[in-house]
A.B. asks: 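Structure provided below as structure tokens; questions to follow.
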2 protein chains.
Amino acid sequence: MQNKYLVIYQDLLEQIEDGIHPVDSYLPSENELKTQYETSRETVRKALTLLSQNGYIQKVRGKGSVVLPRNKFDFPVSGLVSFKELQNKLGEDVQTHVLTLNTAQPSRHIKKQLLLENDDQLVTEVIRTREINGERVILDKDYFLSNKVEGLTESIAKDSIYQYLEDTLKLSISFAKKEITVEDPTEEDRLSLDLTGFHNIVVIKNYVYLDDATLFQYTESRHRPDRFRFVDFARRHH
Amino acid sequence: MQNKYLVIYQDLLEQIEDGIHPVDSYLPSENELKTQYETSRETVRKALTLLSQNGYIQKVRGKGSVVLPRNKFDFPVSGLVSFKELQNKLGEDVQTHVLTLNTAQPSRHIKKQLLLENDDQLVTEVIRTREINGERVILDKDYFLSNKVEGLTESIAKDSIYQYLEDTLKLSISFAKKEITVEDPTEEDRLSLDLTGFHNIVVIKNYVYLDDATLFQYTESRHRPDRFRFVDFARRHH
DNA sequence: AAGTGGTCTAGACCACCCA
DNA sequence: GGGTGGTCTAGACCACTTT
């Protein structure tokens, strides 16, 4: 957070969220910001580029940086938000149940998902259900490289694994690949979730990578269709 | 395509796709590339940042830029790829049927989606089905600001509207917001698609914006669940 | 003509990795 | 200690919009 461009980014973001720069208004020009923050224009531009990539502003040549409209509940969803973060935003009555937490040799299927080749790599399996307003609607199955998640306990799994990984273990999550499909419920889905009256299950497969480009987690998040919603913001890179 | 950093980007991308830089290998260092392309380091870095954002490489401090593995059919899907592009990639037997193409005053629902306030803005409606291997599995309902899509004909709609918009009308699509949910099929879905045996429909709502941040298109893409697949690549911006 | 963002340059110092 | 990427600077020229 000491980086100048991040400070400017956070600063402007806060001002946008506080309504100091309302939707459809222009931010101060790059030259003004350069003076305001006593920095170079390229550094200001780095901050503005970040705002643009995250969907907060649109830069228009010859005019300036316009603040974009944002539906409060839409963001941030694209990407890597954890369930805990979502829960805080939605503010509903949500509970997490930990069904499984163990470390063992992975099955062939999991070995394949995590691209493991040698046989001595142990994998930590965490299976949880998410209960919203009294109904079990999400089944999360996480698989981590064991040596990367030492000290993972049931109470952590009940709270937020990601917070633990980032804050305590200082793991630096870098990027993820997601695949969303719709499937028929498995026997496990029917046992773990309240699916009466539902014929499908939305499956989100998530492959998470660290800063050094190592794949360290595979997650299958299985949602009851009525409780599934995915929002994405994407810029076209010509 | 004259921009130096885009030339470098395209050049490296081609080399990656041709296997000159295989997965897990390192690209030449920024200093080497700077010399190779007779440019400054910041310009090289712009090209590498683009590659990184699009999921082709991972930059590792102190080491270099590693080429990431890519599943052939995965990319590019996140974001703004048109059906026509997807079709070319998948190479299946695909047909498009144009059910509706007309320009008129929009319904209240569409006015709301396109954030229209005055009553004189006309909207062009295009409804199409996509037939894959003989089955109608996707229903696309597009709504454009009429004055932005002059000259849109049925034969264009049968081919690729996006190609027409970008190549002929020179519209510059900038970004889009997507929302994916699962719903019960409507009467229109049942009539237009082959849904026997299916209980749900995947709905992708898409809001498309131009370079000047104006919302100019709203699309509802309704997929039969077995034919739906969404892939996303996302970097964590700390 | 003046102001805006888009690109590009030639340096600099830093943090990190590895031999 | 030498190489790597991450950040930052102080300029420059260009394309575009507005007055």
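Side chains included, hydrogens not; waters and symmetry mates left out as well; all remaining heavy atoms used. Chain A is the first sequence line, chain B the second, and so forth, proteins listed ahead of strands; every chain is numbered from 1.
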A.B. asks: Could you tell me the separation between the CD atom of A:E42 and the P atom of D:dA10, rounded to a whole number of Å?
C.D. replies: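 Atom CD in A:E42 sits about 13 Å away from atom P in D:dA10.
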
A.B. asks: Ignoring hydrogens and angles, state whether a donor on the side chain of A:Q217 or A:N206 is under 3.5 Å from an acceptor on the partner side chain.
C.D. replies: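 No, A:N206 and A:Q217 have no side-chain donor paired with an acceptor closer than 3.5 Å.
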
A.B. asks: CD of A:Q58 versus P of C:dG5: gap in Å, rounded?
C.D. replies: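 One finds 13 Å between P of C:dG5 and CD of A:Q58, rounded.
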
A.B. asks: Just how far, in rounded Å, is C1' of C:dA15 from CG of A:N3?
C.D. replies: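 The answer, rounded to whole Å, is 11 Å.
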
A.B. asks: Can you check whether B:K63 has a side-chain N or O nearer than 4.0 Å to OP1 or OP2 of C:dC18?
C.D. replies: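 Yes.
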
A.B. asks: Please determine whether a side-chain nitrogen or oxygen atom of A:S29 lies at a distance below 4.0 Å from atom OP1 or OP2 of C:dG3.
C.D. replies: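 Answer is no, no contact under 4.0 Å.
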
A.B. asks: For A:E179 and B:R229, run salt bridge (charged side-chain N to carboxylate O under 4.0 Å, His left out): C-alpha distance rounded to whole Å, both residues' side-chain angles, the deciding distance at 0.1 Å, then the answer.
C.D. replies: CA-CA 7 Å; A:E179 182 194 47; B:R229 180 163 178 273; 2.5 Å; yes

A.B. asks: Output the single nucleotide from D:dA15, C:dA10, D:dT9 whose closest atom is nearest the side chain of B:S40.
C.D. replies: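 Among D:dA15, C:dA10, D:dT9, the one nearest the side chain of B:S40 is C:dA10.
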
A.B. asks: Classify the side chain of A:R41 and the base of C:dG6 as holding, or not holding, a donor-acceptor pair under 3.5 Å.
C.D. replies: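 Looking at the base of C:dG6, it does pair with a donor or acceptor on the side chain of A:R41 (distance under 3.5 Å).
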
A.B. asks: Rounded to whole angstrom units, what separation is found between the CG atom of B:D211 and the P atom of D:dC16?
C.D. replies: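 Going from CG in B:D211 over to P in D:dC16 covers 12 Å.
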
A.B. asks: Taking only the side-chain nitrogens and oxygens of A:K46, find out if one of them lies under 4.0 Å from OP1 or OP2 of D:dG6.
C.D. replies: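 Checking D:dG6 against A:K46, no side-chain N or O comes under 4.0 Å of OP1 or OP2.
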
A.B. asks: Over all heavy atoms of both residues, which pair between B:D211 and A:V60 is shortest? Give the atoms and the distance, please.
C.D. replies: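 Where B:D211 meets A:V60 most closely, the heavy atoms are O-CG2, 4.0 Å.
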
A.B. asks: Quick one: is A:R61 getting a side-chain N or O under 4.0 Å of the D:dT17 phosphate, OP1 or OP2?
C.D. replies: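 No.
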
A.B. asks: Evaluate the side-chain proximity of A:R45 to A:K59: yes if any heavy-atom separation is below 4.5 Å, no if none is.
C.D. replies: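 They are in side-chain contact.
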
A.B. asks: Give a yes/no answer on whether the side chain of A:K59 brings an N or O atom under 4.0 Å of OP1 or OP2 in C:dT4.
C.D. replies: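 No.
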
A.B. asks: Distance check, rounded to the nearest 0.5 Å: B:R128 atom CZ versus B:I138 atom CD1?
C.D. replies: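 These two atoms lie 10.5 Å from each other.
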
A.B. asks: To the nearest angstrom, how far is B:K34 atom NZ from D:dT4 atom P?
C.D. replies: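 Rounding to the nearest Å, NZ of B:K34 and P of D:dT4 are 11 Å apart.
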
A.B. asks: So, does A:Y5 get its side chain near the phosphate of D:dT7, meaning an N or O under 4.0 Å from OP1 or OP2?
C.D. replies: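 So the side-chain polar atoms of A:Y5 do come within 4.0 Å of the phosphate oxygens OP1 or OP2 of D:dT7, strictly under.
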
A.B. asks: Counting only side-chain nitrogens and oxygens, does B:T39 get under 4.0 Å of the OP1 or OP2 atom of C:dC8?
C.D. replies: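 The answer is no; no side-chain N or O of B:T39 sits under 4.0 Å from OP1 or OP2.
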
A.B. asks: I want to confirm an ordering. Mapping A:G62 and B:P28 to their closest nucleotides on DNA chain D, which one lands closer to the 5' end?
C.D. replies: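 First, find each residue's nearest nucleotide; the 5'-ward one identifies B:P28.
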
A.B. asks: Round to the nearest Å and state the distance from A:D212 atom CG to C:dA15 atom P.
C.D. replies: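 Answer to the nearest Å: 21 Å.
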
A.B. asks: What integer distance in Å separates B:I57:CD1 from D:dG6:P?
C.D. replies: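 Taking atom P of D:dG6 as the reference, CD1 of B:I57 is at 9 Å.
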
A.B. asks: Please report, rounded to the nearest Å, how far the P atom of C:dT9 is from the CD1 atom of B:I8.
C.D. replies: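 It is 8 Å, rounded to the nearest whole Å.
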
